[in-house]
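First comes the structure, then the notes that go with it.
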Amino acid sequence: MVKMMLEMMFREFERHKLRTFLTMLGVLIGIFLVTSVSSFSEGISYYINDRIAITSGLVTVSERGLQQFQMMSSEIDEDLVEDVETISGVEEVSPVLFATIDGVSLTGIDPEREEIIRGITIGIEDGTEYTEGAKEIVAGYEFARKNDYNVGYTIKLDEDEYEIVGILQESGDSDIDNAAMMPLSDLQELAGKEGMISMMMVKPLTPADADFIEQTINDEFDDLTAATDKSIQKSVNSMLDQMSIMTFALGSIAALISGIVIMNVMIIAVRERRREIGTMKAVGATNRQILTAILVESVTISVGGAILGIILSYGGAAYLNTILLRPVAIITPRLVLQGILFAGFIGMVSGLAPARQAAKLSPIEALRYE
Amino acid sequence: MKGNIFELKNVWKTYCNKGVETHALRGLNLTIKRGAYVAIIGPSGSGKSTLMHVMGCLDTPTKGTVLVDGKDISSLKDDELAKIRREKIGFVFQAYNLIPGLSAIENVAMPMRFSGHGKKESQEKAISLLKKVGLENRMHHKPSELSGGEQQRVAIARSLLNDPEVILADEPTGNLDSKTGREIMDLIEDLHKRTKKTVIIVTHDTKLADRTCNQIRMIDGDIAK
């Protein structure tokens with residue numbers, strides 16, 4: 001029974017290819033938008049969790065007024081490092097500069113203090129550490145792998161040759177893996193940013209000191225923002241909450257519009273097929289069988305559109321991630337399931353009225369000749 | 001089996017349109033014996049179509065009782081009526097009423113699919129019936145690729161699928177030229193002779209009605225005395 005209805009349904013889709021496609025398009029766009037926005041949330045939370053694992057226990061200090069994910073464009077005066085070092089509870093401060101030169105993401109770190117930012121766990125896999133002033137760099141794992149770099153290779157940065165003296169272990173943090181490291185002072189010179197840094201990583205004496213350091217920096221320095229990993233997590237969570245509100249709003253609008261489109265098309269389809277439906281009832285189809293047939297049809301259109309939307313969204317995310325070298329947008333299995341279930345629900349709700357209309361149709365309709 | 005396949009007692013069918021009541025059937029009494037070959041004739045508006053709807057369980061009477069194979073259908077629910085239509089009655093319509101998207105086989109097999117039979121079983125039966133109505137070479141064609149006469153043969157095969165007690169044909173030759181119409185009537189007549197099924201033909205064509213054993217003449221919603 002159900003199989004026959006599916007067969008008939010696909011014949012019907014074939015007969016109205018354009019109409020079926022346009023109906024699907026509504027759901028497609030809706031689910032595409034919702035899935036894409038959600039994939040950014042997933043991407044951000046994945047990225048932040050990654051970062052936090054690496055900077056765990058540290059206080060991040062950056063230019064005031066910037067968001068967590070804008071760290072690359074943060075700029076602060078290097079002299080402030082000394083001021084921060086005087087705050088009680090501070091064990092060590094590591095200044096960091098980010099710059100992109102000739103397409104290479106570079107991270108400048110004070111050679112003495114690199115383990116703070118790199119984390120104890122990320123060591124050199126191959127080769128040695130760099131020496132200051134010797135035009136030497138250490139390549140991140142992914143950066144070296146993608147470009148096929150080995151220890152001893154040289155790369156050209158702003159007309160100068162730099163030798164790759166070491167390659168880092170894989171950290172799992174795409175920012176570190178896709179970058180190259182060099183001594184802070186070398187990068188400052190290379191990037192023309194003498195006396196400037198992007199951020200500082202502050203290591204507290206004990207974990208309990210972190211909150212006090214954060215508080216002091218935020219209160220006493222006009223140009224700086226400090227955040228412990230806990231407060232970063234908090235602010236990210238509130239941002240994700242905002243995004244999920246946006247997703248919800250977007251989803252509701254998408255559902256409403258595509259629901260109306262489907263309902264409209266199904267009402268027309270039922271009206272067009274009055275005689276067929278009447279005939280089926282005359283030869284013994286029950287109301288429930290007709291109701292099921294129409295519902296299955298509208299759910300199929302809706303879920304079909306959703307699947308296309310998810311595929312599109314997946315393609316878009318994959319493309320973005322390749323360009324930006326890190327997972328910006330992630331389509332998780334949860335998002336796929338959510339999209340399909342959501343579409344199924346839309347199809348069900350919007351098909352209900354037309355399906356009931358069809359089920360209630362009198363078989364005598366079959367005998368009315370036009 | 002002997003007895004009456006239809007027993008109608010004081011059957012009224014009243015339609016209400018914008019407060020105006022129209023009586024399509026006015027206290028009609030009718031008995032049809034099992035295995036009969038009957039024509040219901042009458043001018044348009046005489047109520048013969050309504051009578052057929054009621055006998056075919058497509059509609060229920062406003063008043064009175066209708067016994068189909070001994071069962072009173074006047075108070076049955078939609079699904080129970082559907083079951084009777086599926087099991088006891090085969091319809092042949094003036095406009096054939098085939099499903100455009102389905103092939104001849106699929107159209108014929110449809111009633112069995114609705115009663116829950118598998119595709120293979122239904123289609124095997126459909127094929128044997130299509131052979132009986134002389135369409136073995138046109139089985140995979142869609143209705144739009146068949147002539148009117150061929151479409152009506154498909155419809156007749158469909159009406160026989162569930163091996164019903166009664167064939168109800170509503171102007172079965174109404175859309176056909178006279179030669180094809182005669183062929184269809186020959187087919188129906190042959191069917192009646194071979195299977196001894198009750199055949200009821202609704203028509204306004206007296207020539208066609210003359211071929212049947214009994215004629216029931218309707219006028220103004222009742223049987224002409």
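Below, read A as the first sequence line, B as the second, and so on, with proteins coming before strands; counting in each chain starts at 1.
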- [ ] Say whether, by atom type as modelled, one donor and one acceptor occur between the side chain of B/Arg85 and the main chain of A/Lys281 under 3.5 angstrom.
- [x] yes
Task: Value rounded to 0.5 Å, distance of OG1 in A/Thr286 from NZ in B/Lys77 - done: 14.0 Å
Open item on the list: Does atom CZ (A/Arg15) have a neighbourhood of more than 12 heavy atoms from anything else shown, all under 6.0 Å?
Closed with: yes
Task: Distance (rounded to the nearest 0.5 Å) between B/Leu81 CG and A/Asn287 CG - done: 9.5 Å
Task: A/Arg356, CZ: over 12 other non-hydrogen atoms inside 6.0 angstrom - done: no
- [ ] Count the heavy atoms of every other residue, nucleotide or ligand shown that sit under 6.0 Å from OH of B/Tyr15, and state whether that count exceeds 12.
- [x] yes
TODO: Decide if atom CE of B/Met139 counts as having more than 12 heavy atoms of other residues, nucleotides or ligands within a radius under 6.0 Å.
DONE: yes
Task: Interatomic spacing from CD1 in A/Ile290 to CZ in B/Phe114 - rounded to 0.5 Å - done: 5.0 Å
Task: Closest non-hydrogen atom pair between B/Met110 and A/Val283, with its separation - done: CE-CG2, 3.8 Å
- [ ] For A/His16, look at atom NE2 and say whether over 12 heavy atoms of other residues, nucleotides or ligands are found less than 6.0 Å away.
- [x] yes
Open item on the list: For B/Lys119, which atoms come within 4.5 Å of any heavy atom of chain A: side chain, backbone, both, or neither?
Closed with: side chain
- [ ] Write down the atom of A/Ala282, the atom of B/Phe93, and the distance for their closest heavy-atom approach.
- [x] CB-CZ, 3.8 Å
- [ ] Find the distance between CZ (A/Arg11) and NZ (B/Lys142) and round it off to the nearest 0.5 Å.
- [x] 5.5 Å
- [ ] Could you grab the distance from atom CE of A/Met280 to atom CD1 of B/Ile99, nearest 0.5 Å is fine?
- [x] 4.0 Å
Open item on the list: With a 4.5 angstrom heavy-atom cut-off, is it the side chain or the backbone of B/Glu80 that approaches chain A, or both, or neither?
Closed with: neither
Open item on the list: Can you tell me if A/Lys146 has over 12 outside heavy atoms packed within less than 6.0 Å of its NZ?
Closed with: yes
